[in-house]
Asker: 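Have a look at this one.
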Amino acid sequence: MNLSERDRQSVWHPFTQHLTAKNNIAIVRGEDAVLYDDFGNQYIDAVSSWWTNLFGHSNKVIADSITNQLGILEHVIFAGFTHKPAVDLSEKLLSFLPDNQSKIFFSDNGSTAVEVALKMAIQYWHNTGSARKTIIAFRNAYHGDTFGAMSVGARGMFNQPFESFLFDVEFIDLPNADNLESVKIEFNRIVREKEVAAFIFEPLVQGSAGMLMYKAEHLDVLLTIAKKHQVLCIADEVMTGFGRTGKIFASHYLSNKPDIFCLSKGITGGFLPLGVTTCSQEIYDAYLSEDKLKTFFHGHSYTGNPIACAAANASMDLLSEAQATIADLVTWQSDLSSDVANHAKVQNFRQQGTIIAFDVITDFSSGYFNDLRDRLYTEFLNKGVLLRPLGNTVYVLPPYVINKQQLIQVYKVILEVLDTL
Ligand SMILES: Cc1ncc(COP(=O)(O)O)c(C=O)c1O
């Protein structure tokens, strides 16, 4: 049996209907933007392996940092103890974040970073003796797969069996030039009528919703209202963080500073799982008390894992020197995609920083489960490019180290596949 066949015998994969799914492709090696399977096929990873990879597969700087840390300290309980990789990383993250951010809380992935943010915000109000409990979120949002994160995300096919377990959330539309006034009215109504604890959002790009993009100035209008009513603003930058949108954080395009940030994915350059939730001094201070019940009782066994922190420290060092590389990618993305943007089968072409997305015009329903999605996915793979359409939305979100030739190849393949439709 080859690896894919052995996998089928014993492994259950995420987001996979195994009855109809083909065997999973066995990847034996990765280098820069390219993945190699056990039959010797190559795939350009144009989705950065679920948006995690920034500086390429098997990046030597990050690999060396991990290797070095392995010989020093692999892990230690993070309650009552600390270590250099975590302190270094906290200082580095704070130097990148807006200056109102003051403390770093570690967890393991994007969903837990969100879960921590929600609990932090809710308990902030509890600790300060307020009845605020309502959360506002955007329709179509995706914040992760744990129960809190599912609650603040779109209700649909993915969480239907759990719907009755999810807490109530006030959902509002994503603002645009046409609906801004009505969204504003709705937001004002909710903050007036409810005890609102927090507003959570994916700044500038709703990733899983289909790379839906919206303007910083429109988000700022809502954040201004939220700030006026002391609603805590939670920026979920799990996907948009670390240069994806062109700036280190998407929130850097905003005038209002979020109170809490959720970070993960690219933080370790795509090497190891790590989640981070950051907050302002004011939030942290609400937990300082003689009363032990005001403690933030949350933690995971692998909180602040030194090896993950070592990967993140190397990744952050690379990021601080990557501005020109990111700027080049932003330019290549817009230049090289122009034929795709003008293709007869393409609509709603959009770009935010290093991310390009467009919708394929289809007679099928445009949902995640439509046949076109599967056909596109398979044809791209057959031509050596890993792209994972969200319904009829195709997006290109490559590692920053993809070279121009590889990106030209990605768009060539997209055009070839579009021409077959
Ligand atoms: C904006 C956002 N938040 C949270 C998550 C959840 O992250 P994870 O898959 O690491 O739990 C994701 C994952 O795609 C995301 O895009």
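These numbers come from a predicted model, not from an experiment. All ligand and atom numbering here is 1-based and tracks the order in the structure.
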Asker: Within 45° of the six-membered ring axis of F242 and under 6.0 Å from that ring's centre, is NZ or CZ of R244 located there?
Answerer: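 No, cation not above the ring by the 6.0 Å, 45° rule.
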Asker: At less than 4.0 angstrom from any non-hydrogen atom of H143, what atoms of ligand 1 do you find?
Answerer: 3 (N), 4 (C), 5 (C)
Asker: Given D145, T240, I200, D236, which has its nearest heavy atom closest to atom 2 (C) of ligand 1?
Answerer: D236
Asker: With atoms numbered from 1 as shown, which atoms in ligand 1 lie under 4.0 angstrom from a non-hydrogen atom of G110?
Answerer: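 Going through ligand 1 atom by atom, the ones under 4.0 Å from G110 are 6 (C), 7 (O), 8 (P), 10 (O), 11 (O).
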Asker: Ignoring hydrogens and angles, write down the donor-acceptor pairs under 3.5 Å from the side chains of residues 52-62, residues two or more places apart or on other chains.
Answerer:
unit_1 : atom_1 : unit_2 : atom_2 : d
T52    : OG1    : S48    : O      : 3.3
T52    : OG1    : S49    : O      : 2.9
N53    : OD1    : F55    : N      : 3.4
N53    : OD1    : G56    : N      : 2.6
N53    : ND2    : G56    : O      : 3.4
H57    : NE2    : D45    : OD2    : 2.7
S58    : OG     : G30    : O      : 2.7
N59    : OD1    : V61    : N      : 2.9
N59    : OD1    : I62    : N      : 3.1
N59    : ND2    : F55    : O      : 3.0
K60    : NZ     : D64    : OD1    : 3.3
K60    : NZ     : D64    : OD2    : 2.9

Asker: Just by distance, no angles: are the side chains of D359 and N392 close enough, under 3.5 Å, to form a donor-acceptor pair?
Answerer: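 No pair is found: no donor N or O on one side chain lies under 3.5 Å from an acceptor on the other.
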Asker: Which bit of Y142 is near ligand 1, meaning a heavy atom under 4.0 Å away: side chain, backbone, both or neither?
Answerer: both
Asker: Below 30° counts as parallel, above 60° as perpendicular, anything between as tilted: where do the rings of H83 and F78 land?
Answerer: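 Because their plane-to-plane angle lies in the 30° to 60° range, the rings of H83 and F78 count as tilted.
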Asker: Might you point out which heavy atoms bring A216 and Y253 nearest each other, and give the distance in Å?
Answerer: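 Minimum heavy-atom separation between A216 and Y253: CB-O, 3.5 Å.
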Asker: Anything under 30° is parallel, anything over 60° is perpendicular, the rest tilted; go ahead and classify F199 against F138.
Answerer: perpendicular
Asker: Give the atom numbers and elements of ligand 1 that come within less than 4.0 Å of a heavy atom of S111.
Answerer: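 That gives atoms 6 (C), 7 (O), 8 (P), 11 (O) of ligand 1.
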Asker: Would W51 count as a contact of ligand 1 if the rule is a heavy atom under 4.0 Å away?
Answerer: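 Right, W51 reaches ligand 1.
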Asker: For ligand 1 and K265, I'd like to know whether there is a polar contact (N/O to N/O, distance under 3.5 Å).
Answerer: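 Yes, at least one N or O pair falls under 3.5 Å.
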Asker: Checking E115 against T112: is there a side-chain donor and acceptor pair closer than 3.5 Å?
Answerer: no
Asker: I'd like to know if Q206 contacts ligand 1, where contact means a heavy-atom distance under 4.0 Å to any ligand atom.
Answerer: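 In this structure, Q206 fails to qualify as a contact of ligand 1 - no heavy atom is under 4.0 Å.
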Asker: Using a 4.0 Å heavy-atom threshold (strictly under), name the region of E202 that reaches ligand 1: side chain, backbone, both or neither.
Answerer: side chain
